[in-house]
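Here is the structure we will look at, set down as structure tokens.
Just so it is clear, the structure is predicted and the values come from calculations on it, not from any experiment. Order of the sequence lines fixes the chain letters, A, B, ..., with proteins taken first and strands second; residue numbering starts at 1 for each chain.
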There are 2 protein chains.
Amino acid sequence: MPSKTQSRLRIVLEPDIAIGPGKADILEGVRDTGSIAAAGRRMGMSYKRAWLLVETMNACFKEPLVAASRGGKSHGGAVLTPVGEEVLRRYRRMEALSAKAIAAELRGLKRLLSDMSN
Amino acid sequence: MPSKTQSRLRIVLEPDIAIGPGKADILEGVRDTGSIAAAGRRMGMSYKRAWLLVETMNACFKEPLVAASRGGKSHGGAVLTPVGEEVLRRYRRMEALSAKAIAAELRGLKRLLSDMSN
DNA sequence: CACCGATATGTTTCTCGTGACATAACGGTA
DNA sequence: TACCGTTATGTCACGAGAAACATATCGGTG
């Protein structure tokens, strides 16, 4: 198997408030599944935890990233707002740009790893 | 004051084994101070924790990043090995490259933050 | 040989985050 | 009105990880 070496990008908005791979995956999950609960399940995460992450994200942007509704025909659900779509798109783009920018250096670093690590 | 928004880069070598800002700062501290204890103090970190991080890093590369010695005229100390210097240099460079690559997107993201966050 | 400051390592204590569980509300449908 | 699946929220117990504390060792110097 190829090496698992990868980079992870975390954007720190405030001390203790950041957006990283986890929150981005939640946004993506909400977009794909239409519900916070299903997004959480897909990641093996409790609904409560997923909801907590959504609440945090909604709080630190000007407008909510996720709009949730209860009851109704669909038994409730959640969708990304335009801002939510934009944040997700920007984050994924930053991930890609970062990975591309450091690819060469990363290969150099990988050469120094112990044999067990690749 | 200007916004604290920033990016952080974490390189994941193995699941649960990574190098991020903390370990890089330790390497830098050892290089600057000549001891693990002083590097830890400078970061407000216990010697034990600093030493643990060094041990982990030394274990997952082909050669140690930090060479420590006990006793002697200088009462012991630690220095970066050539490999340690290289890892630090590469990591700092990756940080810089990543930050530069995402700068524009980051500004875009920042505009979406709530007023409290800038 | 006592002392120094650093490395090296074990043990114990505590804290915080997490998981697990419980409950209520919502607004549709059968 | 009973039921559905979801959102929304509270409480509590537990465990992993960190802090705190305790030694032992090293190899020089006074």
Under a 4.5 Å side-chain heavy-atom rule over Ile, Leu, Val, Met, Phe, Trp and Tyr, are Val66(A) and Val79(A) clustered together?
no

Within the structure shown, what part of the strands sits under 4.0 Å from Ser35(B) by heavy-atom distance: base, sugar-phosphate, or nothing?
sugar-phosphate

In whole angstrom, what separates Leu52(A)'s CG from dC16(C)'s P?
17 Å

Provide, to the nearest angstrom, the distance between the CD1 atom belonging to Ile26(A) and the P atom belonging to dT7(D).
11 Å

Step through the shown structure and confirm whether more than 12 heavy atoms of other residues, nucleotides or ligands are within 6.0 Å of CZ on Arg92(A).
yes

Would you kindly give the NZ-to-P distance between Lys48(A) and dT6(D), to the nearest whole Å?
18 Å

To the nearest angstrom, the NE2-C1' distance between His75(A) and dA8(D) comes to 18 Å

Here's a test of your reading of the structure: between Arg49(B) and Gly72(B), which maps to the more 5' nucleotide of DNA chain D?
Arg49(B)

Could you check how far CZ of Arg70(A) sits from P of dC4(D), rounded to whole Å?
19 Å

Rounded to the nearest 0.5 angstrom, the OG-CG distance for Ser114(B) and Leu13(A) is 9.5 Å

Given that Ala78(B) and Gly71(A) both sit by DNA chain C, which one's nearest nucleotide is further toward the 5' end?
Ala78(B)

Sugar-phosphate, base or nothing in reach of Ser74(B), heavy atoms under 4.0 Å
nothing

Is the distance from OP1 or OP2 of dA8(D) to the nearest side-chain N or O of Trp51(A) less than 4.0 Å?
yes

dC4(D) C1' sits how many Å from Lys73(A) NZ, rounded?
14 Å

Crowded around Arg93(B) CZ? As in, over 12 foreign heavy atoms under 6.0 Å?
no

Check the distance between dT23(C)'s P and Tyr47(A)'s OH and give it to me in whole angstrom.
18 Å

In whole angstrom, give the distance that lies between atom CE of Met45(B) and atom P of dG17(D).
16 Å

